[in-house]
Amino acid sequence: MQTITFEDYKNAIKAKYEEEKNGEYSNNLNSPTAANLRNLCVKRFDTNNNQDDLIAFKSFFDFPFDRNKKNLFGEDELNKLEAVKRFFLGKTENPAEDTIQLAAILVDLQPRPFNEYRKQHSEEERKLIEELRDTTLPKKETSINTFIDKIEDDDNPKIEEVEQTQSLESEIAPIPIATFVATGKPTKSRMIIYAVVTAFSAGLAIMIYFAFFQKQCMQWSNDHYEKVSCDLEVNGLGSFNVVEPFDKTVFDLKKIKVCDTTPFFNTNGEAIVWYGKTANGIDFFNGHGRHPENNSPLRPVTRYILNKYVKK
C-alpha cells in the first residue's frame, strides 16, 4: 500500500487552490495578496469552531483567533501571509508546516489536517486493494483438474488421477499438481498448462506479499530516523520513540549542530535551517516538519533566533 506523504498533501492543497480560484472566494484567491488572504482568513474563521483549525491559526499567527478583534491584523501578520501567497503561486520550495496548514484552511481542503488526510486516503487505498484481491484470487471450488480438462477437451491424454474421497476433495481445493500421477509420458500441452498455472500462482503470491505483508516503518533515534520493522516494540519513554509508517519526506529530517559559521540562509535570503523549542532550550534541524520529540512545529530560523541562541 502506498504511503500518503506530506508532499501529496501539499499537492492536494495546490489542486484545491486552482479549483477555488473560480469559486465563491475567487476575489480573494485570484490575486492572493497578503491583504486578500487576510480578508479570506477572517471569512473562514468567523464561523469556524474546528479545534484543529483554531490551533493551526494560533500556531501560524502566535495568537488565538478572536471574532471581536478581527481588525487587529497588523503589518507583522500581513508579512506572515506572504509565505502563504508564495506557496499558492509556487514560488517557494520548502514552506513551513504552519504555512501549509493555514493554506489548507483557506482553500477548505477536506479532510484536514495532514494526519486526517493521510488516514482517510490510506483507508481508501486499502479498500481498493481488497476489492482487487477479491476479484483476482481463484475461487475455492475451482480445481486445477477442472481447469485443465476444460482446456484439453480435444487432447484427451490417458492420465489417471489419484482416487480421493468426496470429503477430502471438498477440504482441499484447488487440488495440488503433485496429486496427479501419469501412467504415460505427459503431453506437451499439459506440461505447458502446468507451467503457466505454476507461474501465475507464484506471481500472485508475490503480489499479495508485497501488497499486504511487506511493510516499512521508521523510528526516531537520538538525532535522526532509522528504518525498523513495523512489529518492533517501542523502547524507552516518550512519544518520539513511536514506530510510525515510513515517510520519505520525514525520514530525511535530522537534528544538526550549528555554530556562527553554519550557513543558515540561501542566496535568496530564505532559511535553510529550522528550529524547535524544547524544555531545555532549542534544537536545530535540516528541514521543516515537526519536532520528533515533542511534536511541535519547526520554524525557519531568523536573525533574532541566531543572535539569541547561537554562540559566536
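Sorted by first and then second residue, the ring pair (Phe, Tyr, Trp, His ring centres under 6.0 Å) pairs with a member in residues 89-120 read Phe6-Phe114, Tyr9-Phe114, Tyr9-Tyr117, Tyr117-His121; sequence neighbours excluded. Applying the ring pair (Phe, Tyr, Trp, His ring centres under 6.0 Å) test to pairs two or more places apart or on separate chains, those with a residue in residues 247-271 are Phe246-Phe251. Within the structure, salt bridge (charged side-chain N to carboxylate O under 4.0 Å, His left out) pairs that include any residue of residues 262-271 do not occur (at least two apart or interchain). Screening residues 94-115 for salt bridge (charged side-chain N to carboxylate O under 4.0 Å, His left out) gives Asp53-Arg112, Glu97-Arg290, Asp98-Arg299, Asp108-Arg112 as the qualifying pairs, with residues at least two apart or on separate chains. Within the structure, ring pair (Phe, Tyr, Trp, His ring centres under 6.0 Å) pairs that include any residue of residues 289-309 comprise Phe285-His291 (at least two apart or interchain).
For Ile55, the side chain to side chain contact (heavy atoms under 4.5 Å, CB included) criterion is met by no residue, not counting sequence neighbours. The side-chain hydrogen bond (donor to acceptor under 3.5 Å, both in side chains) search around Ser296 returns Asn294, not counting sequence neighbours. In terms of the side-chain hydrogen bond (donor to acceptor under 3.5 Å, both in side chains) criterion, residue partners of Thr249 (sequence neighbours excluded) are, by chain and number, Asp247. Residues meeting the side chain to side chain contact (heavy atoms under 4.5 Å, CB included) test with Pro300, sequence neighbours left out: Ala96, Ala271, Trp274. With sequence neighbours excluded, the residues forming a side chain to side chain contact (heavy atoms under 4.5 Å, CB included) with Asn39 are Asn28, Asn36, listed by chain and number. Applying the side-chain hydrogen bond (donor to acceptor under 3.5 Å, both in side chains) test to Asn49 and every residue at least two apart in sequence or in another chain returns Arg67. Listed by chain and residue number, nothing satisfies the side-chain hydrogen bond (donor to acceptor under 3.5 Å, both in side chains) test with Lys85 (two or more places apart in sequence, or in another chain).
Under the 3.5 Å distance criterion, the side-chain polar atoms of Arg86 are left unmatched by any main-chain donor or acceptor of Lys91. Put simply, the side chain of Asn30 gets close to the backbone of Lys21: a donor and an acceptor are under 3.5 Å apart. Checked by atom type and distance alone, the side chain of Asn286 pairs as donor or acceptor with a backbone atom of Lys254 at under 3.5 Å. Proximity of a side-chain donor or acceptor of Lys16 to a complementary backbone N or O of Leu109 within less than 3.5 Å is not detected. Panel note: side chain Asn11, backbone Asp8; no donor-acceptor pair is recorded below 3.5 Å.
Under the 30°/60° scheme for interplanar angles, the aromatic rings of Phe65 and Phe57 are found to stand perpendicular.
Taking OH of Tyr225 as the start and CD of Gln219 as the end, the distance is 10.0 Å to the nearest 0.5 Å. In this structure, Ile105 CD1 and Arg44 CZ are separated by 10.0 Å, a value rounded to the nearest 0.5 Å. The structure places NZ of Lys308 at 10.0 Å from OG1 of Thr302, a figure rounded to the nearest 0.5 Å. Asn48 contributes atom CG, which lies 15.5 Å from atom NZ of Lys43 (distance to the nearest 0.5 angstrom). Interatomic distance, Phe45 CZ to Leu54 CG, rounded to the nearest 0.5 Å: 6.5 Å. In this structure, CD on Gln101 lies 11.5 Å from CG on Leu106, to the nearest 0.5 angstrom.
Electrostatic pairing of Glu77 and Lys80 does not count as a salt bridge here, judged by no charged N lying under 4.0 Å from a carboxylate O. The pair Arg118-Glu244 does not meet the salt-bridge criterion, since no charged nitrogen lies less than 4.0 angstrom from a carboxylate oxygen.
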What do the steps show when you test Val250 against Met218 for side-chain contact (heavy atoms from CB on, under 4.5 Å), and what is the final call? CA-CA 10 Å; Val250 177; Met218 63 186 188; 3.6 Å; yes
